[in-house]
**Student:** 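Take this structure, written in structure tokens, and hold onto it; I'll ask about it next.
Start at 1 and go down the list; that is how both ligands and their atoms are numbered. Just so you know, residue 1 is the first one in the sequence shown, and it goes up from there.
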Amino acid sequence: APSWPTVSKNLPLLGHGRSHHPMYASQDEIKMSSRRWCHGSPDNQEKDRLSRAVVGMSSSTAAIGDPELAKKICVPCNSKDIHAMPEDSAKKMLEQVGGWELATEGDILKLHRAWKVKNFVKGLEFLQLVAAVAEEEGHHPDLHLVGWNNVKIDVWTHSVRGLTDNDFILAAKINNLNLEGLLSKKATVQK
Ligand SMILES: C[C@H](O)[C@H](O)[C@H]1CNC2=NC(N)=NC(=O)C2=N1
């Protein structure tokens, strides 16, 4: 068999600092895992979470100038109140998510950021940390691990084919991750 790099067994697959993979977690832990999807019918915990959600998601002014983006939570992406924000609103909100830039693919506006990691396995660990935040928020980025040590992340709201506050909240939470020991010392990042 090929000598694949040994990915550490206790890689936290779904956040909370421990893996939720059936091989490693007890059945009740799996039931307890806080996987939530935008389209699922919210249980009480979800309702509580949503009650703290940003009010007035459709107006991106709800978050502009608010330094606590990372403390906000995403709302269901299939909510009828969610709309893609105009580019000038996105440009204003960009100031709150250092290191991210606007990118357009086709006619879709996205948030983009790239990091150089120490090696392939550290890149996977980085992606696992991001996955845990995405699962917690029910809002998911596009994750790329290319050239073995380049992590690239795009964030956009697929349901409206553009940017919403959810995307900036997720980017702010990603910026708050502790990447200690994962990033390469060489700063040059492949865009
Ligand atoms: C149906 C529901 O909208 C989906 O479950 C969620 C999941 N995560 C998501 N993530 C992103 N980035 N955009 C979405 O529209 C989206 N939708």
Side-chain angles (χ1 to χ4, degrees), residues 12-16 20-21 30-60 62-64 66 68-87 89-94 96-115 123-124 126-146 150-177 191:
L13 289 179
L14 279 177
H16 316 303
H20 276 242
H21 193 282
I30 294 171
K31 277 200 282 305
M32 285 299 290
S33 81
S34 65
R35 272 194 90 98
R36 64 169 63 86
W37 301 97
C38 289
H39 55 74
S41 56
D43 56 19
N44 288 335
Q45 186 189 12
E46 177 71 358
K47 282 181 188 137
D48 167 57
R49 197 179 76 85
L50 291 179
S51 67
R52 288 177 285 113
V54 177
V55 178
M57 279 304 293
S58 51
S59 68
S60 63
I64 284 184
D66 178 342
E68 297 304 309
L69 253 189
K71 291 204 174 106
K72 296 189 183 297
I73 60 173
C74 298
V75 296
C77 312
N78 53 359
S79 150
K80 62 183 180 352
D81 299 332
I82 197 167
H83 309 289
M85 69 175 72
E87 187 162 357
S89 299
K91 281 183 179 152
K92 283 198 197 88
M93 287 190 75
L94 210 48
Q96 299 179 65
V97 283
W100 291 82
E101 55 194 26
L102 288 184
T104 306
E105 267 182 60
D107 60 345
I108 301 177
L109 200 52
K110 302 180 179 180
L111 289 176
H112 175 83
R113 185 167 185 183
W115 296 260
L124 282 175
F126 183 179
L127 297 184
Q128 289 283 357
L129 293 176
V130 176
V133 175
E135 285 292 277
E136 179 63 29
E137 293 301 320
H139 196 66
H140 302 88
D142 297 343
L143 302 178
H144 311 266
L145 175 50
V146 296
N150 295 283
V151 168
K152 300 183 182 186
I153 302 181
D154 294 314
V155 182
W156 55 292
T157 301
H158 296 234
S159 57
V160 297
R161 294 173 56 78
L163 286 176
T164 66
D165 290 358
N166 279 353
D167 303 308
F168 288 88
I169 292 167
L170 184 61
K173 289 178 186 282
I174 291 170
N175 277 359
N176 277 2
L177 288 173
K191 283 285 176 196

**Student:** Under 3.5 Å between any N/O of Asp167 and any N/O of ligand 1: does that happen in this structure?
**Tutor:** no
**Student:** What I want to know is whether Trp156 and ligand 1 share at least one N or O pair that is separated by under 3.5 angstrom.
**Tutor:** yes
**Student:** Indicate yes or no: does Lys72 engage Glu68 in a salt bridge with an N to O separation below 4.0 Å.
**Tutor:** no
**Student:** Just jot down the ligand 1 atoms closer than 4.0 angstrom to any heavy atom of Ser159, in number order.
**Tutor:** 14 (C), 15 (O)
**Student:** Would you mind reporting whether Ile174 and Trp115 have side-chain heavy atoms less than 4.5 Å apart?
**Tutor:** yes
**Student:** Nearest heavy atom to atom 13 (N) of ligand 1 wins, so pick from Lys110, His140, Glu137, His158.
**Tutor:** His158
**Student:** Compare all side-chain heavy atoms of Gln96 with those of Asn175 and state whether any distance is below 4.5 angstrom.
**Tutor:** no
**Student:** Does any donor atom in the side chain of Ser159 or Asn78 lie under 3.5 Å from an acceptor atom in the other side chain?
**Tutor:** no
